[in-house]
Structure formats: structure tokens, C-alpha cells
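Taking it in order: structure first as C-alpha cells, then the write-up.
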Amino acid sequence: MSQVARHFYIAVQEGDGQDACQMLSPASRSGLEKSSRQKCSQAIITEDLDVAADVESAQVYGTMAIVHTDEDTMFLSRFPVGWQITGVGCQPTRQLDQYDCSITGG
Amino acid sequence: MRESSLSLVFGVMFLLALVGQAFAGWKQFNADQGAGGFGQIALGRYLLSADWAVDVAENWQSEYLQFTLYILFTVWLLQRGSPESKELDKPGYESEKDQKLGRYTEDDSPVWAKVGGWRTRLYSNSLVLVMAAIFVASWLIQSIAGQASYNETRLQDLQAPVSWGGYLTNPDFWARTLQNWQSEFLAVGTMVVFSIYLRQRGSPQSKPVGEPHASTGVEG
């Protein structure tokens, strides 16, 4: 799933919204489109995401994974098609174990 | 086969229940995944999952704890009137004569009962030791699989995972553990007391139907 994380940030950096959106889970895509009132491929490029350069660590628990990068944290879930992003642009809140994500949807 | 019918019937029932639990657990897991917008998995993958492992292990550890404590406690603890208890004048390890050890072994006594030394001491406690070992192993598996399953849920809620050490002090671990322990201890306790006053003709778990309530350590 580290590959998915790196691929996602590269797609965002290169402005390839369609490619980036394919890596979001269906619920995350839907959540972004509802909140931005735009198509995902447009909304994701205009979303103020910090593009990470390096994946620092990754942990997998069952069908879920958490990836820490040098910029933020990403949550992924394993679908039949492969790992998809369920939360990106995540930062810890005042409750240090709870994250707040720019894009999420389950 | 009739002489092994008890183990065979319970063995078959165990396997049927385990298979049923696998299907029901898999359906429930995927329903929860789907409702939360997360990936669903095939049955084969579910049987390798932490969710399945913790659900099985948490039940096994409590069953083997129940038997470990029941076997151990009945060496010393007594209950007047219960067939689950020894006779009131026989608490403790009992004599070599009662236990068919030393010069009281018989020709067909188990080899390690006759040989003496550490092997006889070990064999004399083998039932508790094996039950306790299975309890410890399955409780350990519950803790490891439980941590993974708990963290899977935490990640779904955008929460940081907890360490294994942290999980051992977490309410999720102790809720799973204690919900099983309370039912096991209740079952043994009620069996000890109910069997004082109630009867089941033909079962060795019951006193004979006409046996007085005060009779202790008598089986039907």
C-alpha cells in the first residue's frame, strides 16, 4: 500500500486528477464530490493537499492500513481491486490518537 | 464406536458449530465492512483474519481456564451434597492407595504412573498442566488477534493503532476476556449447586435419582 500512497501523491503533483481519484475508495470519492460540488478529478487537484515526498512507515491491520509520510498521514482499505484510500491529508487532532482528514468517506 | 460415542458426538458437534461460526462471522464481517464503505473479503481470507481468530480464541481460552480451575479447585475445595465434589473427608492429593501409586499400581496402570520419580510427579498433574497450557496459548492468541482486530476498527475510525502492550490494558481486551469468564464460572457454579438438588437418571454427572441431597461425591 506504500506504492499506492506514492502513486497518489505523484498523480496529485502532476495534476492528474483522474488517476488520483481512481486510488480513492468509492466513499471517499463520493464524499469529496459532495463537499466540493465538483467532479472528483477536478476537486482533488484544487484540494489543498500537502504532497508528500517520502513514505516513512506503514502498518497493516486486517483490511486496513495507516501510512505516515513526511507531510501527513493516509488511511487505506483493501478492496477486491486492491488498496484504496479512505482518508488522506490527515493530521492528529488535540486528542492525539484521533486524526482529521482533508478527504475521507470511509 | 459406542465406547467412544461421547467424544465422537461432541467432536462432530464442535466441527459443525465451528463451520457455522465461520459462515456467520464472515457474513457479519462483510456486512459491517460494506456499511462502513470498506472492502469486503472472501471466506478464505476471512478464515485467515484477526477478526475470525479472536472470536475463536476468546472462547477457547475461557473454556480451558474453566476446566483448569475446575480440575485444580476440586482437589481441595468441597461442596456438601454435590456429585461434582469429592467426599468431605478426602480433600487434597489423597493417599497412594486411593490414587493407585507406588506399591498400589496395577499391571495395567499407565507406564508413567508406575515408573516413579519426576515422571510420575509430572503425570500426576498432567491434566491440569495441559489444560492450563492450552488456556495460556489461546489467551495469548486472543491478545494478538484482538489487538489486530481492534486496530483494524480504529483505522476505520481514523484513529491511531495501539501497541500490543497498550492493548493488554485496553477495555476491549478485558471486555472480551471477562464476558467469557463470567459465563464459564457461572456454568460451573450452577452445575455444582444444581446437582445437589436436581437429578438426571443415567448420567454420571448426576447423583442417582433416589440419592439423598446430603450425599457428597456420589455419581449416578
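Predicted model only: the values in this text are computed from it and were never measured. Excluded from the calculations below are hydrogen atoms, water molecules and symmetry mates; all remaining heavy atoms, backbone and side chain alike, are included.
- We find the OG1-CD distance between A/Thr93 and B/Gln159 to be 9.0 Å, quoted to the nearest 0.5 Å.
- Heavy-atom neighbours of B/Trp60 CH2 from other residues, nucleotides or ligands within 6.0 Å: at or below the threshold of 12.
- Under a cut-off of 6.0 angstrom, the local environment of OH in B/Tyr46 is crowded, with over 12 non-hydrogen atoms contributed by other residues, nucleotides or ligands.
- Residues B/Gln156 and A/Phe75 fail the side-chain proximity criterion, which asks for heavy atoms closer than 4.5 Å.
- Each of A/Met64, A/Gln84, A/Arg78 has some count of heavy-atom pairs under 4.5 Å with chain B, and the biggest count is that of A/Met64.
- The environment of B/Tyr123 atom OH is sparse: at most 12 non-hydrogen atoms of other residues, nucleotides or ligands sit within 6.0 angstrom.
- Contacts of B/Ala50 with chain A are absent, with no heavy-atom separation under 4.5 Å from either backbone or side chain.
- Without hydrogens or angle criteria, A/Gln98 side chain to B/Leu158 main chain gives a donor-acceptor distance under 3.5 Å.
- In terms of heavy atoms, B/Pro161 sits closest to A/Tyr61 at CB-CE1, 3.6 Å.
- Using modelled atom types, one side-chain atom of A/Ser77 and one backbone atom of B/Gly39 make a donor-acceptor pair closer than 3.5 Å.
- Among the candidates B/Asp51, B/Ile41, B/Leu155, the single residue satisfying the side chain to side chain contact (heavy atoms under 4.5 Å, CB included) test with A/Thr63 is B/Ile41.
- For B/Tyr64, the OH atom counts as loosely surrounded, since its 6.0 Å shell holds 12 or fewer non-hydrogen atoms of other residues, nucleotides or ligands.
- With a 4.5 Å cut-off on non-hydrogen atoms, B/Phe29 touches chain A through its side chain but not through its backbone.
- Residue A/Gln59 qualifies as enclosed at atom CD: its count of foreign heavy atoms under 6.0 Å is above 12.
- Looking only at heavy-atom pairs under 4.5 Å with chain A, the residue among B/Glu152, B/Gln33, B/Arg154, B/Gln147 that has the most is B/Glu152.
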